[in-house]
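Computed over heavy atoms, backbone and side chain alike; hydrogens, waters and symmetry mates excluded. Just so you know, ligand 1 is whichever comes first in the structure, and atom 1 is the first atom listed for that ligand.
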Amino acid sequence: MNHPCYICGLGSFIPSRVMTNHDLEKLVETSDEWISTRTGIKERHILDDGVNPSDCGLEAARAALAEAGVAPEEVTHIFVATCTPDYLCPSTACVIAGKLGLSSLEGRKGDVMCLDFNAACTGFVYGLELARSIVQMHEDAVVLLVATEGLSRRTNFTDRTTCVLFGDAAGAVVLRSSDRNALWQVRDVVCSSDGSLHDLIKIGGGSACNIKEGDTVGPDWFISMQGMAVFKHAVRSMADESQRILERNGMSFEDLDLFIPHQANLRIIKAVGERLGLDESHVFSNVQHYGNTSAATLPVAMEDARRTGALKPGMKVLLTSFGGGMTWGSALLV
Ligand code: ACO
C-alpha cells in the first residue's frame with residue numbers, strides 16, 4: 001500500500017554574516033549595478049569561520065522538528081541534500097544525527113538511516129522524492145530532509161563571473177504518513193537529468209582533484225560555470241517540468257496558489273514565469289537577499305513565503321528547480 005506523505009514541519013537557518021554587492025566591489029572588478037541588473041541579487045549570507053553546513057542544517061532541522069512536534073528520537077531517516085558537505089566522509093547526515101543525539105544503538109525504538117546525496121540545486125526536489133518513497137513504503141517512517149549548503153567555501157573570490165552569485169543557507173522539512181500537524185501533502189514529484197551536460201557546472205575538491213599534501217589549490221577546487229548555457233537550460237527545463245507535473249495531475253497553472261522556482265537569478269525566475277504565462281504576484285522570489293544557496297533555496301523560500309503570508313498550509317504550491325549535473329525537477333504540494 002502507498003501511504004500518503006505529509007510535510008508536518010518546516011524550518012530554515014540563515015548565517016548572520018552578510019556580504020553585500022558593495023563588499024564584492026572591493027574584491028573583484030564588479031559593481032552593484034552589474035550584479036543587480038544581471039541577477040537581481042543585492043546581498044548574500046556567508047558562513048563564519050568554524051561554522052559548517054552541518055551546523056546550519058542542524059538549526060533548520062531543529063526548527064522543523066519543533067513545528068512538527070516530533071522529538072529527535074522519533075526520526076527514522078535523515079537525508080541531506082548538499083553539494084558542499086562538511087566532509088567527503090562522514091556524511092553530513094551522520095554529523096547532524098550525532099549533533100541531534102541520534103543512534104541506532106540500545107535505547108531507541110527503531111533504527112536511523114543517514115544519507116547524503118548530491119543533485120546540486122535540485123537536491124530538495126530530489127529529496128522530496130526520496131522521502132516520499134520511504135514514507136509510502138513504511139507507514140511509521142519519520143523522515144528529516146535537510147538541504148544545507150556552504151557555497152562560500154567553494155567560491156573563488158577572485159572570479160567575478162561566479163563569486164557574485166552564491167550564498168550559504170539551510171532549510172529542512174519533516175515528512176511522515178500521519179496528517180497530524182500536516183502543512184502540505186506531497187502530491188507528486190518529477191525528477192530528471194542530463195549527464196551529457198555535467199561539465200556546465202562544477203565544484204572541485206573530489207577525487208578528480210588530485211591534490212597532495214603541501215600543494216596549493218588551483219581554480220579546479222572552486223565552482224566553475226558556463227553561465228549563459230546554464231541560463232538557457234534552466235528556463236526551458238523548469239518551465240517544461242512544471243507543465244509536465246501539472247498535466248499528469250490534471251491541473252493547470254490557474255489552480256496554483258503559489259509558484260516557487262529555484263532562486264538562482266531573478267532574470268531566470270522572471271523568464272520562467274513569463275514562459276508559463278504566470279502573474280508576477282504568483283511567482284515567489286527572495287534571491288535578492290541570499291543569492292543562490294543551491295539545494296537550500298526552496299525550503300528557505302517556502303519559509304520566507306510563509307512569513308510574508310504568501311504561503312499558507314494547504315495551499316497548492318509548485319516547486320521547481322535545476323542545477324549541476326544537469327539535474328532538474330518539480331514537486332507539487334497541496
Ligand atoms: N561584474 C562585472 N562584469 C561581469 C561580471 C561581474 N560580476 N561577471 C561577468 N562580467 C562580464 C563578463 O566578463 C562579460 O564581459 P565581456 O563581454 O567583456 O566578455 C560580460 O560581463 C557579460 O558576461 P556574460 O557571462 O555574458 O553575462 P550574462 O548576461 O550571461 O550573465 C550570469 C552572467 C549572471 C552568470 C548568467 O549567465 C546566469 O545567471 N547564468 C545562470 C547561472 C545559474 O543560474 N547557475 C545556477 C546553477 S549553480 C549550481 O547548480 C551549483
> Which pair of heavy atoms, one from Cys191 and one from Glu241, lies closest together, and at what distance?
Replying inline: C-OE2, 3.9 Å

> Any protein heavy atom sitting closer than 4.0 Å to atom 27 (O) of ligand 1?
Replying inline: yes

> Against heavy atoms of Val164, which atoms of ligand 1 measure under 4.0 Å?
Replying inline: 7 (N)

>> For Ile268, which part has a heavy atom under 4.0 Å from ligand 1: side chain, backbone, both, or neither?
In response: side chain

> Any heavy atom of Arg267 sitting closer than 4.0 Å to ligand 1?
Replying inline: yes

> For ligand 1, which atoms sit closer than 4.0 Å to a heavy atom of Ala264?
Replying inline: 44 (O)

> Which residue and non-hydrogen atom of the protein lie closest to atom 1 (N) of ligand 1, and at what distance in Å?
Replying inline: Thr30 OG1, 2.7 Å

>> Please list the nearest protein heavy atom to atom 40 (N) of ligand 1 with its residue and the distance rounded to 0.1 Å.
In response: Gly227 O, 2.9 Å

> Heavy atoms of the protein only: does one fall short of 4.0 Å from atom 32 (C) of ligand 1?
Replying inline: no

> Any N or O on Ser31 sitting closer than 3.5 Å to an N or O of ligand 1?
Replying inline: no

> Are the aromatic ring centres of His262 and Trp328 under 6.0 angstrom apart?
Replying inline: no

>> What protein heavy atom lies closest to atom 50 (O) of ligand 1? Include the residue and the distance to one decimal.
In response: Cys121 SG, 2.8 Å

>> Could you tell me, atom by atom, which parts of ligand 1 come under 4.0 Å of a heavy atom of Thr39?
In response: 34 (C)

> For ligand 1, is any non-hydrogen atom under 4.0 Å from Asn292's backbone (N, CA, C, O), its side chain (CB onward), both, or neither?
Replying inline: side chain

>> Any salt bridge linking Arg154 with Glu149? Criterion: basic side-chain nitrogen under 4.0 Å from a carboxylate oxygen.
In response: no

> Who's the nearest protein heavy-atom neighbour of atom 47 (C) of ligand 1, and how far?
Replying inline: Ile201 CD1, 3.4 Å

>> Between Lys99 and Ser54, is there a side-chain donor-acceptor contact under 3.5 Å, judged purely by atom types and distance?
In response: yes

>> So for ligand 1, is Phe166 a polar contact partner (N or O within less than 3.5 Å, distance only)?
In response: no

> What residue and atom, counting heavy atoms only, is the protein's closest point to atom 35 (C) of ligand 1, and at what distance?
Replying inline: Leu165 CD1, 4.0 Å

>> Any carboxylate oxygen within less than 4.0 angstrom of a Lys/Arg side-chain nitrogen, looking at Arg153 and Asp168?
In response: no

> Is the shortest N/O to N/O distance between Gly324 and ligand 1 below 3.5 Å?
Replying inline: yes

> Taking atom OG of Ser36 and atom CG of Leu266, what is their separation to the nearest 0.5 Å?
Replying inline: 10.0 Å

> Measuring from Leu165:CG to Ser294:OG, what's the distance to the nearest 0.5 Å?
Replying inline: 12.0 Å

>> Among Thr161, Ile223, Asp159, Asn265, which one puts a heavy atom closest to atom 34 (C) of ligand 1?
In response: Asn265

> So, do Glu43 and Asn21 sit near enough that their side-chain heavy atoms are less than 4.5 Å apart?
Replying inline: no

> Using the ring of each side chain (for Trp, its six-membered ring), is Tyr290 parallel, tilted or perpendicular to His45, with breaks at 30° and 60°?
Replying inline: tilted

> Would Ile203 and Phe222 satisfy side chain to side chain contact (heavy atoms under 4.5 Å, CB included), going step by step from the backbone distance to the final call?
Replying inline: CA-CA 5 Å; Ile203 303 179; Phe222 299 102; over 6 Å; no

>> Check whether Ser12 reaches the backbone of Asp304 with its side chain - one donor and one acceptor, N or O, closer than 3.5 Å.
In response: no

> For the residue pair Asp23 and Thr20, what are the closest heavy atoms and their distance?
Replying inline: OD2-N, 2.8 Å

>> Tell me whether Ile35 reaches ligand 1 (any heavy atom closer than 4.0 angstrom to a ligand atom).
In response: no

>> I need the nearest protein heavy-atom contact for atom 36 (C) of ligand 1: residue, atom name and distance, please.
In response: Phe231 CD1, 4.0 Å

>> For the residue pair Arg38 / Asn265, report whether a side-chain donor-acceptor contact shorter than 3.5 Å exists.
In response: no

> Who gets closest to atom 24 (P) of ligand 1 by heavy atom: Arg160, Met228, Arg38?
Replying inline: Arg38

> Is the distance between the ring centroids of His233 and Phe322 under 6.0 Å?
Replying inline: no

> If you count the atoms of ligand 1 from 1 in the order shown, which ones are under 4.0 Å from a heavy atom of Met225?
Replying inline: 42 (C), 43 (C), 45 (N)

> For atom 8 (N) of ligand 1, which protein heavy atom lies nearest, and how many Å away is it?
Replying inline: Trp34 CH2, 3.3 Å

> Taking only heavy atoms of Gly323, which atoms of ligand 1 are found under 4.0 Å from at least one of them?
Replying inline: 50 (O)

